[in-house]
Number of protein chains: 2
Amino acid sequence: MKRARHATIYDIAAEAGVSIATVSRVLRGEPSVAPAKRERVENAIRLHNYRPSSAARKLAGTVTKTVGIVLPRLFNPYYAMLFTGAQEKAREMGYALSLFPWSSLDMESFDPALLLAERCLEGAVVYLEYLPPADKDRILHFLKRLKEFMNVAVIGCDLSEYGFPGIFINNAALALKIVRYLVSLGHERIALIGGSEEDTDPFRRDAGYLEGLREAQLPFTESYRVWGGDTPESGLLGLNGILDGLKPSFWPTAVIALNDLVALGCFSAAAAHGLSLPGDLSVIGCDNLVSAPYLAPPLTSVDLHQRRIGARAVEMVISGESGIEEAEWDIVVRGSCAPCPSRG
Amino acid sequence: MKRARHATIYDIAAEAGVSIATVSRVLRGEPSVAPAKRERVENAIRLHNYRPSSAARKLAGTVTKTVGIVLPRLFNPYYAMLFTGAQEKAREMGYALSLFPWSSLDMESFDPALLLAERCLEGAVVYLEYLPPADKDRILHFLKRLKEFMNVAVIGCDLSEYGFPGIFINNAALALKIVRYLVSLGHERIALIGGSEEDTDPFRRDAGYLEGLREAQLPFTESYRVWGGDTPESGLLGLNGILDGLKPSFWPTAVIALNDLVALGCFSAAAAHGLSLPGDLSVIGCDNLVSAPYLAPPLTSVDLHQRRIGARAVEMVISGESGIEEAEWDIVVRGSCAPCPSRG
DNA sequence: TTGTATAATGAAAGCGCTTTCAGAATCAGT
DNA sequence: ACTGATTCTGAAAGCGCTTTCATTATACAA
């Protein structure tokens with residue numbers, strides 16, 4: 001490709017008239033270098049604009065100062081924020097972060113090879129929404145194997161029972177809180193849109209949703225629960241499905257969307273059915289995207305503090321912590337949820 | 001950290017009873033290996049679940065099969081799409097892609113060190129919205145230096161006059177086309193929101209905007225041109241500024257937003273001023289985010305085909321092409337632009 | 001057969017750095 | 001001035017792989 005040669009540690013050593021060992025020492029900030037030599041080395045480095053090769057360092061060194069993060073579909077801003085938080089913290093701790101994107105959320109293409117190939121990782125944080133029963137063994141095996149070589153933290157779900165530390169999102173508690181909130185607004189017909197039917201996580205949204213219903217002595221209406229992806233389209237399709245299948249008097253008065261994108265899709269579906277928000281229908285999203293406050297009506301959402309999660313996760317990985325933590329979140333109330341119309 | 005040892009090429013060689021050279025050969029798919037031995041090696045690899053160390057490969061190899069991409073603020077889905085496209089293409093071509101995020105679009109924190117440290121990159125694609133006059137020399141110098149070591153392609157702006165290949169977005173043509181579109185709808189008071197005042201790129205939005213105005217024999221109204229960032233907030237502030245500073249009879253009837261996020265902010269500002277969209281005000285965005293079709297009204301936007309740009313850029317970098325290309329784009333008409341009310 | 005071109009293989013030399021390890025230099029203390 | 005402790009420093013041995021290069025095995029022709 002290109003032939004220009006980078007300056008190497010030898011060039012610097014020669015320039016400064018010392019051995020490469022000494023150069024290496026000042027590079028890593030060891031104190032045991034005579035001030036005079038240190039300065040000469042530093043000058044040489046500056047002169048040549050020298051940067052040590054990360055590959056060589058990783059190969060030679062015992063600590064590589066690099067961690068990895070595996071994330072699905074980066075174009076969902078949610079993951080991007082997770083990444084950003086991780087990135088910032090890693091940098092702050094003097095680490096490099098390399099990203100391993102997954103092509104799909106469903107575990108199909110879960111390719112451990114990538115991570116494993118990066119022999120030089122000191123740790124990895126992997127995102128896992130939940131443990132899909134079908135791929136459970138495969139994923140667990142991979143994670144276990146990974147753990148032989150580096151620290152790992154999983155974010156998203158709680159895999160502590162398998163010995164994996166990390167940060168999980170208590171979606172059940174979250175859903176419960178949301179249901180309560182909606183109930184407090186007088187809603188009795190609450191729909192839940194999005195999520196995978198095969199998600200059997202104890203902390204899954206459904207659990208909290210159901211509990212909330214029970215708690216408020218509300219019946220569970222099968223048709224109010226629709227599964228789906230995490231895109232606006234899913235939201236549109238999902239809510240349309242509900243609305244089209246029921247006579248208006250049975251329409252839900254509130255919907256809990258998997259995330260803000262899904263919520264947006266619900267906005268569309270509602271509009272298409274002549275429902276005005278939040279007068280006729282309340283909707284609450286999740287993720288608190290930057291656009292949430294600007295929607296019409298401003299979307300009530302829940303802030304998962306993704307950045308903080310990402311940051312905390314790399315912190316755990318780097319310092320080798322082994323606990324499991326529950327992510328904090330807040331419902332940020334904006335204008336998309338209103339008192340139930342029938343009682344308003 | 002962890003002490004488990006990865007299998008090395010020596011382990012495999014021993015297991016298969018061949019030399020490491022042979023293992024290396026089958027690893028890289030060289031044909032000159034006896035089928036019998038090849039199979040033994042492959043079995044050994046499978047047995048040990050062996051993965052070559054990327055660090056070692058990079059150090060030893062002449063080709064590293066890795067390219068980098070430097071992108072600002074990943075949480076704007078626009079960049080995430082660029083990345084995704086790049087990622088996919090890289091993978092398709094058997095390359096690894098490493099991401100170097102920039103903390104801010106303004107070049108403040110443009111830190112070449114990161115890239116340079118990754119000695120093992122065969123190429124890099126760097127995103128540059130435009131060449132900020134203030135940092136021009138610094139950036140150019142960095143790019144030049146980078147080019148001594150690897151192929152580089154810049155996406156975003158046209159730096160071909162400095163010898164850098166890449167893909168640029170002809171924002172001028174884009175803006176011109178948009179203005180024409182808006183003019184064809186009867187609009188005569190068209191605002192342009194977002195962008196940096198110090199952008200002097202010949203292909204910048206303003207150029208096309210001005211030309212479009214001239215072409216339609218429309219005056220340039222200073223207060224219709226507001227600068228700003230690329231967030232919804234910028235859009236809100238920007239349009240509010242315009243609206244608040246002018247009596248309604250001078251309000252623009254159409255606004256061109258820097259991107260969809262800014263457009264969304266404009267939606268808010270319009271609503272706050274009692275303007276209904278698109279009846280009273282047309283707005284057009286850019287980037288065609290996944291949420292665009294779901295806004296109310298569905299946002300007319302321009303599709304930059306970011307994925308394609310990302311893909312093409314890594315392609316250029318990998319195959320060492322040196323041309324400059326103009327990105328294609330399409331206006332995707334949805335519901336946020338309507339005929340001008342005053343003549344409707 | 002014998003000779004020669006061809007294919008397959010391994011030994012060994014790096015790639016650029018980190019890290020013992022032992023020797024050199026410096027510094028107290030007596 | 002001499003010893004032992006302390007601080008610096010460089011030689012050298014890897015880290016796990018790729019890549020010559022020379023060697024050996026195999027093929028085919030004469």
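On a predicted model such as this, the values are computed, not experimentally measured, just so you know. To find a chain, count down the sequence lines: A is the first, B the second, and so on, and within it residues start at 1.
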How many Å lie between [atom1] on [X] and [atom2] on [N], as a whole number?
X: B/F149; N: C/dG16; atom1: CZ; atom2: P; value: 12 Å
X: A/Y50; N: C/dG16; atom1: OH; atom2: C1'; value: 7 Å
X: B/L27; N: D/dC17; atom1: CG; atom2: P; value: 8 Å
X: B/H6; N: D/dG16; atom1: NE2; atom2: P; value: 10 Å
X: B/E30; N: D/dT18; atom1: CD; atom2: P; value: 10 Å

Salt bridge (Lys or Arg N to Asp or Glu O under 4.0 Å) partners of [range], not counting sequence neighbours, each pair once:
range: residues 18-28 of chain B; answer: B/R25-B/E30, B/R28-B/E30
range: residues 53-71 of chain A; answer: none
range: residues 307-318 of chain B; answer: B/E88-B/R307, B/K89-B/E315, B/R308-B/E328, B/R312-B/E315, B/R312-B/E321, B/R312-B/E325

Task: Which residues share a ring pair (Phe, Tyr, Trp, His ring centres under 6.0 Å) with B/F203, sequence neighbours left out - done: B/F168
TODO: With sequence neighbours left out, write down each residue that passes ring pair (Phe, Tyr, Trp, His ring centres under 6.0 Å) with A/F164, or none if nothing qualifies.
DONE: none
TODO: For A/V23, answer base if it contacts any base atom (sugar-phosphate contacts may also be present), sugar-phosphate if it contacts only those atoms, and nothing otherwise; contact means non-hydrogen atoms under 4.0 Å.
DONE: nothing
TODO: Within residues 38-48 of chain A, find the residues that approach DNA chain C with a heavy atom at under 4.0 Å, and present them sorted by residue number.
DONE: none
Open item on the list: For B/D135, run the side chain to side chain contact (heavy atoms under 4.5 Å, CB included) check against B/D137, B/I139, B/L131 and tell me which one passes.
Closed with: B/I139
Task: Bend angle of the helix from C/dT1-D/dA30 to C/dT30-D/dA1, from helix axes over five pairs at each end, nearest 10° - done: 40°
TODO: Determine: side-chain N/O of A/R28 to OP1/OP2 of C/dC17, distance under 4.0 Å, yes or no.
DONE: no
Polar atom pairs (N or O), protein with nucleotides 23-28 of chain D, under 3.5 Å:
none

Task: Comparing A/S24 and B/A34 on DNA chain C - which has the more 5′ nearest nucleotide - done: B/A34
TODO: Please state whether the rings of A/Y78 and A/Y127 are parallel, tilted or perpendicular, taking 30° and 60° as the class boundaries.
DONE: perpendicular
Task: Under the side chain to side chain donor-acceptor pair (under 3.5 Å) test, residues paired with B/Y10 that sit two or more places apart - done: none
- [ ] Would you please name every residue forming a side chain to side chain donor-acceptor pair (under 3.5 Å) with A/H141, sequence neighbours left out?
- [x] none
Task: A/E39 CD: over 12 foreign heavy atoms closer than 6.0 Å - done: no
Open item on the list: Any side-chain to backbone donor/acceptor pair from B/S160 onto B/D158? Under 3.5 Å, distance only.
Closed with: no
- [ ] Quick one, give me the B/S/- string for nucleotides 10-15 of chain C, reading 5' to 3', where B means a protein heavy atom under 4.0 Å from the base and S means that only happens at the primed atoms, P, OP1 or OP2.
- [x] BB--BB
Open item on the list: Is a donor from one side chain sitting under 3.5 angstrom from an acceptor on the other, for B/R40 and B/N43?
Closed with: no
Open item on the list: Under the rule for salt bridge (Lys or Arg N to Asp or Glu O under 4.0 Å), what residues qualify as partners of A/D11, not counting sequence neighbours?
Closed with: A/R5
